[in-house]
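Here the structure comes first, spelled out in structure tokens, and everything after it is commentary.
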Amino acid sequence: MDGFIALYIFMLAAFTGYEVISKVPVILHTPLMSGSNFVHGIVLVGAMVVLGQAEDGMEQLVGFIAVVLAAGNAVGGYVVTERMLDMFKSSKGEK
Amino acid sequence: MNLFVEIFYFAAAVLFIIGLKQMSSPVTARRGIVWAGVGMVLATLITFAHPHVNSNYLLIFLGIAIGGGLAWKTGKEVAMTDMPQMIALYNGMGGGAAAAIAAVELIKREPMDPLVQLLAIFGALIGSVAFSGSLIAFGKLQGIKQLRGAIRFKNQQRINAAIFVVVAWMGLGIATSGTDYGMFTLFLFFALALAFGVMMTLPIGGADMPVVISLYNAFTGLAVGFEGFVLENPAMMIAGIVVGSAGTLLTQLMAKAMNRPISNVLFSNFGEGGGEAQ
């Protein structure tokens, strides 16, 4: 990929991340941390690609570790965030 | 890359950003995680059609089943009060995955563009630190005896700084040597990066852990973004960098809510002359 295109993507994504959460209230800090933790679970896609083209045993082993860890990140991040936000909803509903 | 894969990755990136946006407001937060979840499922499924994925299907399924299954079980069963350490644990796994991706790319020794190789090393370093640091944070919050409290000893900052200098120097060496680095050097680089994550987290007390976990969350995001550049995977680039910058802002906000600057949290023992350790 052209180096400058990559640089533009980097710059725009960085500003997007900053803007998107700039007005978050304090009560949502922890759930949002958990939610963004889930989003970087996208690393699973990279882990799958790496393992999908691994050839010798060493590459397969490290690639397999990557997939296991990444799947844990994605699934765990989702489950925990959902539980947290569920609690949030019910406590708001009682009011 | 084939067209369908591109379209799905694009959709996933959009869904992640919408999801994060919604998660930052109390009214829509619950919906936000579902949007992001849909994006993740789309991206994962289409990756099976990725042109580079052409073997080891069984291993991929097995890996997802093991990692996902264990995380599902622990995430559902853990008590509400223990959530922060679970975030640390899952975040650490993401960092470890990013580092492992870099490791495979470096083990393969295919010639890379020098800039890309530097990014791979960067991602490997940050990912490893996020991995081992998050595991220590998990241990501290879980109340493991040996890790409890702020563990400090004489000359700690100097030792940490020395480890960092060595690991950065080694990383730079690997990044600039083309394919001409030894297997042992590579191994040592990862080992030292992991050690640095441990050493950096040990002196921080349990009350500051949420801020530290948020910082490592931003680290993992960046590492994922960098490995995205290495693999030329736009979904990883965008999601990773967005989380990297959102996580950095969030870390600042959390530290501010505690009424202290981040540097104070991370290096609070700096300049005390190791008095506490004696």
Side-chain angles (χ1 to χ4, degrees), chain A residues 1 3 6 9-10 13-14 16-18 20-21 23-26 28-29 31-54 58-60 62-82 84-85 88-89, chain B residues 16 20-21 23-24 29-30 33 36-37 40 43-44 47 50 52-53 56 59-60 63-64 66-68 71-72 75-76 83 86-87 90-91 93-94 96-98 100-101 103-104 107 214 217 220-221 224 227 229 231-233 235-243 245-247 249-250 254 257:
Chain A
M1 187 176 302
I9 294 177
F10 187 99
T16 307
Y18 199 90
V20 149
I21 68 147
K23 289 188 197 82
V24 62
V26 174
L28 275 177
H29 279 173
L32 188 62
M33 173 167 84
S34 181
S36 55
N37 173 37
F38 164 69
V39 168
H40 67 55
I42 190 68
V43 69
L44 175 58
V45 165
M48 287 166 73
V49 169
V50 159
L51 180 55
Q53 54 184 349
M58 184 72 180
E59 289 170 24
Q60 279 179 333
V62 183
F64 182 70
I65 293 172
V67 171
V68 172
L69 290 176
N73 182 185
V75 174
Y78 186 85
V79 170
V80 165
T81 312
E82 198 190 29
M84 256 192 253
L85 292 175
F88 205 82
K89 189 177 66 178
Chain B
F16 287 152
L20 275 178
K21 178 77 195 161
M23 269 188 270
S24 62
R30 180 66 179 73
I33 183 66
M40 189 68 73
T44 309
T47 302
H50 193 291
H52 289 166
V53 179
N56 300 328
L59 273 180
I60 295 178
I64 295 177
I66 293 174
W72 179 272
K76 283 279 183 203
M83 284 293 175
M86 297 317 284
I87 302 176
Y90 301 138
N91 172 50
M93 292 173 88
I101 289 173
V104 176
I107 290 169
S214 177
N217 184 37
T220 305
V224 171
E227 298 315 323
F229 283 103
L231 296 174
E232 298 193 350
N233 186 316
M236 274 173 80
M237 283 189 225
I238 292 171
I241 300 299
V242 165
V243 171
S245 88
L249 175 62
L250 196 57
M254 286 171 90

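Just so it is clear, the structure is predicted and the values come from calculations on it, not from any experiment.
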When only pairs under 4.5 Å are counted, which of [options] shares the most heavy-atom pairs with chain B?
options: A/L44, A/V67, A/V24, A/L51; result: A/L51
options: A/A54, A/P31, A/G63, A/A74; result: A/A54
options: A/A70, A/A14, A/G77; result: A/A14
options: A/V39, A/I65, A/T81, A/V50; result: A/V39
options: A/L32, A/V45, A/V80; result: A/V45

Taking every heavy-atom pair that is under 4.5 Å apart, which of [options] has the most such pairs with chain A?
options: B/A43, B/A29, B/G63; value: B/G63
options: B/V243, B/V224, B/I241, B/N217; value: B/N217
options: B/V53, B/T44, B/L250; value: B/L250

So how far is it from [X] [atom1] to [Y] [atom2], rounded to the nearest 0.5 Å?
X: B/M83; Y: A/M84; atom1: CE; atom2: CE; value: 5.5 Å
X: A/K23; Y: B/K21; atom1: NZ; atom2: NZ; value: 5.5 Å
X: A/M33; Y: B/N91; atom1: CE; atom2: CG; value: 8.5 Å
X: A/F10; Y: B/M237; atom1: CZ; atom2: CE; value: 11.5 Å

Checking B/M86 against chain A: side chain, backbone, both or neither under 4.5 Å from a heavy atom?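 The answer is the side chain of B/M86.
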Checking heavy atoms, do the side chain of A/L28, its backbone, both or neither come under 4.5 Å from chain B?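 Side chain only.
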Can you say whether A/V68 sits under 4.5 Å from chain B via the side chain, the backbone, both, or neither, judging by heavy atoms?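 Both parts, backbone and side chain.
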Heavy atoms, side chains only, cut-off 4.5 Å: are B/V242 and A/V20 in contact?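 B/V242 vs A/V20: side chains apart.
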Is any side-chain heavy atom of B/R30 closer than 4.5 Å to one of A/E82?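 Sidechains of B/R30 and A/E82: in contact.
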I'd like to know if the side chain of A/Y78 reaches the main chain of B/M40, judged simply by a donor and an acceptor atom lying under 3.5 Å from each other, with no hydrogens or angles considered.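 Checked: no pair found.
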Pick one: which of B/I60, B/V104, B/T47 meets side-chain contact (heavy atoms from CB on, under 4.5 Å) with A/V49?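 With A/V49 as partner, B/I60, B/V104, B/T47 yield a single side-chain contact (heavy atoms from CB on, under 4.5 Å), made by B/T47.
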